[in-house]
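Here's the structure we're looking at; comments come further down.
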2 protein chains.
Amino acid sequence: MSRGGIRINSGRKTPSSPYKEKTIPVRIPLSIKPDVLVYLEEYKKRISNNSEVSLDFPQALPNPPSLARPIYSGQVSAGQSRFPSPAQDYEQKFLDLNERYITDPPATFFFEVNGDSMIGAGIFHGDTVIVDRAAKYKSSSIVVADVDGEWMVKRFYKRGSVVKLLSENPEHPPITLSEGQELHVFGKVTYVIHKPE
Amino acid sequence: MSRGGIRINSGRKTPSSPYKEKTIPVRIPLSIKPDVLVYLEEYKKRISNNSEVSLDFPQALPNPPSLARPIYSGQVSAGQSRFPSPAQDYEQKFLDLNERYITDPPATFFFEVNGDSMIGAGIFHGDTVIVDRAAKYKSSSIVVADVDGEWMVKRFYKRGSVVKLLSENPEHPPITLSEGQELHVFGKVTYVIHKPE
DNA sequence: TCTTTGATTAGTGTTACAGTAATCAAATGA
DNA sequence: TCATTTGATTACTGTAACACTAATCAAAGA
């Protein structure tokens, strides 16, 4: 009758929680408990969808509810063609920068740029680049990459087995990967935020 | 010596919590615990600011606090100097693009740029510029201006009574204001958002 | 071989509790 | 009389503990 006995190495495996990490109790006001639960639900989904993604880097939040700001947008010419006055035909939009420029929040990172090797691509010293780890990059994409521990913004170039990292400044020669050098593309630069002087 | 004795009606008053309501423990994944704490912080502030409001009826909070996005930021080199791996020294920041790049929401406008006359300033065709009408501009500031109904992005130049609008592209000559021409500076370009290709 | 079943371990919501904070009024002292 | 000190009293909070559920395994049975 008894089917008992030792079962070594049995039991629930870890991590088997939907978060794939430990949890800790945090006191939440009753009125916003439902919001937090919804939030956790979203987070769970994201974690399970991205489960194949490496967890070397801490993952950030799912799409939290954002405060949209009403912004009047229009078009303006850098050349000299004629445009209607923004005062007349502005279009009231609720433009949320986060929404517009961050496609995948958990995969999005910000970097401040150091140096002027990418001036030709409109990336200046001190600029902030928005990097999306989930975005697909190809040859000629601008990426943030790590070559033997050195992190840089470059234009990624690949033809067959030849991989180079190109600058956009004649003073900076391309970097060709030599034998034994390791290249990790961290993510694709999707936007550059530049503060003009 | 003894100051003891019954103190009827003494003790901490309710509600004395910053939330003005009960709380309950909710299990939160460790990695997003900081986010939730920030969220609660915001909520607390909102509650305390509205404390003068009558509590006869439950009040709907005006702006629901948004869950700030944690973004891991680091620095990356466009040159070739060495930087530590973001995995090692990432700094968890709650970076909100709106907050960071929009100082004065009602005075902030967005324009899409047409043409390439400002390439030297890192402003390309198709870019979006953030324009702050409330920001002070001076000679050499980049502005959105209206000259006789024509709207443009230019570098504003002023020496005495001489006013010019300069391009940042050798192919585009400066615009000198002639007699009878009207110039209205709409606002100062505070940031340029560029999508590299 | 396949299925059943209890053993075993991980994860979860909630209670309990100890420690802290806030508030009051009696006792004290000026 | 009135301000200050002080301990009593009550509310609040973070977290440990615990009971319960979920997941997984391998031995026993079919």
Side-chain angles (χ1 to χ4, degrees), chain A residues 1-65 105-106, chain B residues 1-62 64-70 91-94:
Chain A
M1 187 59 85
S2 158
R3 312 188 183 202
I6 279 279
R7 265 91 173 163
I8 53 164
N9 203 21
S10 74
R12 188 174 185 169
K13 285 290 169 289
T14 173
S16 67
S17 98
Y19 304 118
K20 307 211 192 308
E21 61 173 316
K22 300 266 181 217
T23 62
I24 189 175
V26 172
R27 271 188 187 276
I28 306 286
L30 276 179
S31 69
I32 63 176
K33 185 185 173 190
D35 302 338
V36 172
L37 294 186
V38 165
Y39 183 77
L40 292 178
E41 234 15 79
E42 280 185 38
Y43 187 69
K44 269 185 210 167
K45 276 187 219 146
R46 198 166 272 284
I47 293 294
S48 59
N49 291 345
N50 282 30
S51 54
E52 74 282 0
V53 167
S54 141
L55 291 177
D56 295 346
F57 290 87
Q59 296 291 308
L61 283 182
N63 284 319
Chain B
M1 187 61 86
S2 159
R3 310 189 183 203
I6 281 277
R7 266 91 172 163
I8 53 166
N9 203 20
S10 75
R12 191 173 182 168
K13 286 290 168 285
T14 173
S16 67
S17 96
Y19 305 118
K20 308 211 191 306
E21 61 173 315
K22 300 265 181 218
T23 61
I24 190 175
V26 172
R27 270 188 186 274
I28 306 288
L30 275 179
S31 71
I32 64 174
K33 184 184 173 191
D35 308 337
V36 172
L37 293 186
V38 165
Y39 181 80
L40 293 178
E41 241 7 86
E42 279 185 39
Y43 188 70
K44 267 186 213 168
K45 276 187 218 146
R46 246 176 225 296
I47 295 291
S48 61
N49 291 344
N50 284 29
S51 56
E52 73 281 2
V53 168
S54 143
L55 290 176
D56 295 347
F57 292 89
Q59 296 290 313
L61 289 173
S66 70
L67 289 172
R69 292 159 196 271
E91 186 187 350
Q92 186 165 4
K93 272 191 197 166
F94 295 87

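Each chain gets a letter, A, B and so on, in the order the sequences are listed, and its residues count up from 1.
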- Item | Heavy-atom closest contact (A/L30 atom, B/E21 atom, distance) | N-OE1, 3.6 Å

- Task: May I have the distance from A/L30 (atom CG) to D/dT13 (atom C1'), rounded to whole angstrom?
- Result: 14 Å

- What integer distance in Å separates A/E21:CD from C/dA10:P? 17 Å

- Query: Any side-chain N or O of A/T23 less than 4.0 Å from the OP1 or OP2 oxygen of C/dT12?
  - Reply: yes

- Please determine, for the side chain of A/P25, which listed nucleotide (C/dA7, D/dT15, C/dT23) has the closest atom? D/dT15

- Task: Measure from CD1 on A/I24 to C1' on C/dG13 and round the result to the nearest Å.
- Result: 15 Å

- Message: So, OP1 or OP2 of C/dG11: does either fall under 4.0 Å of a side-chain N or O from A/K22?
- Response: yes

- Message: Can you confirm whether more than 12 heavy atoms, excluding those of B/K22, are under 6.0 Å from its NZ atom?
- Response: no

- Query: Reckon B/S17 has a side-chain N or O less than 4.0 Å from the OP1 or OP2 of D/dA11?
  - Reply: no

- Message: Please pick, from D/dA22, D/dC25, C/dT14, the nucleotide with the shortest atom-to-atom distance to any side-chain atom of A/R12.
- Response: D/dA22

- Query: Think B/S16 has a side-chain N or O under 4.0 angstrom from the OP1 or OP2 of C/dT23?
  - Reply: no

- Taking D/dT15, C/dG13, D/dC12 as options, the one with an atom nearest any side-chain atom of A/R27 is D/dT15

- Query: Starting at the 5' end of DNA chain D and moving along, which residue's nearest nucleotide shows up first, B/K13 or A/V26?
  - Reply: B/K13

- Of D/dT13, D/dT15, C/dT12, the nucleotide closest to the side chain of B/Y19 is D/dT13

- Query: What heavy-atom pair brings B/S16 and B/R12 nearest, and what distance separates the two atoms?
  - Reply: OG-NE, 2.6 Å

